[in-house]
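Worksheet: the structure to be examined is printed underneath.
All residue numbers in this chain count up from 1 along the given sequence.
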Amino acid sequence: MTKQKKKAPVSIGDQIELQIVGLNHQGEGVGRFHSFTIFVPDTVPNDQVIARVISLQKNYARALPEKILKPSPFRIAPFCQHYGACGGCQLQHLAYQQQLQFKQNLVADTLKRIAQIEIPVHPTIGMANPWQYRNKAQVPVGVEAGIVQAGFYEKRSHKIVNLASCPIQHSANDETVKVVRQILQEMGISIYSEANHTGFVRQIMTRTSFATGDILLVLVTNGRRFPQADNFVQHAREKIKNLTGIVQNINTKRGNTILGPEEVTLWGNHYITEKIGLLQFKVSSRSFFQVNPLQTEKLYAKTKEYAALTGQETVFDLYCGIGTIALYLAAQAAKVIGVEIVEAAVKDARENAKLNHINNAEFHTGAAEAVVPKLLQQGYRADVVVVDPPRKGCDKTLLKTITIMQPKRIVYVSCNPATLARDLKYLNENGYKALEAQPVDMFPQTSHVECVIEIQKVQSSK
């Protein structure tokens, strides 16, 4: 006898009343309608809402809120005038302490659901002032009715929200974007059209050093030839306080990739200098560097705690970027070895080692899953391994190599609880045990969470 397919209790266009009971990983409210899951953005737990169904899948539906019947005690008025249209933040309408609780719960629930492990997940380390924390702005540029626009995309679209300001950005980034937008308008420099793949300026990127206040400006252009470059540089230098360098990044490809492979320094330095603890780091346009330097120090302090170094260990820092974690741990280790696929980042890591007079660090270029097996064959061994992978997590070949190498401890720094849980499941099944997790709020007002996991090798009972 064939099982009859259960029909969803809602249809597209239905208006339904819901009690919001939680949040999903994207920060959207979760409600239940006759036990059927409904995701509703811009709602918070304990909201009672009227929502209209906009899409339907086998096991869930999505709906947009039309009326808040009874607001949750956790609901607050968003600080930003652009919130709701701009897609940059997801949680400004949720009180900050509840944002921190949501991120702690998200890590714990994801580890339990995907990895089938339950470990202590400590309260999320938050910020005293969860605003103006970003040292990097990266915004697309467009034109509407002849006026240059610069800002983040609207939710679920590529329409630019022309930002007057962004409260999670360093104020210098805000001001720099505003000034550059004015210069582009006044000089009549052509602006890129995503639809037609025509026009010159695609993106404005700024990096502001929390340590020095210096600003690096990057224009991403659809072509190399910049006939008004000298004039642009002159205007920018006159109008942007603390400007230390202007870089042109060339990206002629269609698509969503922001930075291209070629750069030209139009004036000044191609980097700013940032600090973590007592260390200095040169950060260029393409460097991976945490966007929240205040929280980065807390994240790295926890990484150092979980590494439990005595000065005798060899430490592998995999997906090392410009060497920040490796160099942060170097003073407590016998040797640190970084691996990174981006050649420019490895060059920066070596320069940063020299800048900080660190002599016990070496860096290798290549994919970690290719380089680490070769290092193992050459006789390298790690006592402690730190991994800080991109959102897709660690390659399985790399995880297998790490378990063959058998370090005493692994410290996993993650920006994606789902891939973290997947990788922990593999490690837990192959001789390692996750002990505890520490979420860190690197991105207040958004649904993103960073997390550090302490992992130890299981002692053999033989």
**Message:** Donor-acceptor check, side chain of S284 to backbone of H270, threshold 3.5 angstrom: yes or no?
**Reply:** no
**Message:** Donor-acceptor pair, distance only, cut-off 3.5 Å: does the side chain of Q295 make one with the backbone of I125?
**Reply:** yes
**Prompt:** Can you check whether E305 reaches K302 side chain to side chain, under 4.5 Å on heavy atoms?
**Reply:** yes
**Request:** Indicate the atoms forming the closest heavy-atom contact of V139 with A150, along with that distance.
**Result:** CG2-CB, 4.2 Å
**Request:** Apply salt bridge (Lys or Arg N to Asp or Glu O under 4.0 Å) to the pair K136 and E274, showing each step before the final yes or no.
**Result:** CA-CA 12 Å; K136 176 184 174 184; E274 192 57 276; over 6 Å; no
**Prompt:** Quick one: does T110's side chain get under 4.5 Å of L420's, heavy atoms only?
**Reply:** no
**Request:** Side-chain contact test, heavy atoms from C-beta onward, threshold under 4.5 Å: evaluate it for P417 versus V449 and give yes or no.
**Result:** yes
**Message:** Tell me whether Q99 contacts the main-chain N or O of Q445 through its side chain, where contact means a donor paired with an acceptor under 3.5 Å.
**Reply:** yes
**Asked** Y271 and T244: which non-hydrogen atoms are nearest, and at how many Å?
**Response** O-CG2, 3.8 Å
**Request:** Test ring pair (Phe, Tyr, Trp, His ring centres under 6.0 Å) on H170 and Y133 and set out the steps.
**Result:** CA-CA 6 Å; H170 190 295; Y133 60 82; over 10 Å; no
**Asked** Is D317 reaching over with its side chain to a backbone N or O of G323, donor-acceptor style, under 3.5 angstrom?
**Response** no
**Prompt:** Between H158 and Y153, what is the ring plane arrangement, given parallel below 30°, perpendicular above 60°, and tilted in between?
**Reply:** parallel
**Request:** Assert yes or no for the condition that the ring centre distance of F200 to F226 is strictly below 6.0 Å.
**Result:** yes
**Prompt:** Do R181 and N162 come within less than 4.5 Å of each other through their side chains, counting heavy atoms only?
**Reply:** yes
**Prompt:** Any side-chain donor-acceptor pair under 3.5 Å between Q138 and Q203?
**Reply:** no
**Message:** Would you say D214 and S209 are linked by a side-chain donor-acceptor pair, where the criterion is simply a distance under 3.5 Å?
**Reply:** no
**Message:** Given R286, which partner from the list E343, E262, E263 fulfils the salt bridge (Lys or Arg N to Asp or Glu O under 4.0 Å) test?
**Reply:** E263
**Prompt:** Is a donor on one side and an acceptor on the other found under 3.5 Å between the side chain of N135 and the backbone of R207?
**Reply:** no
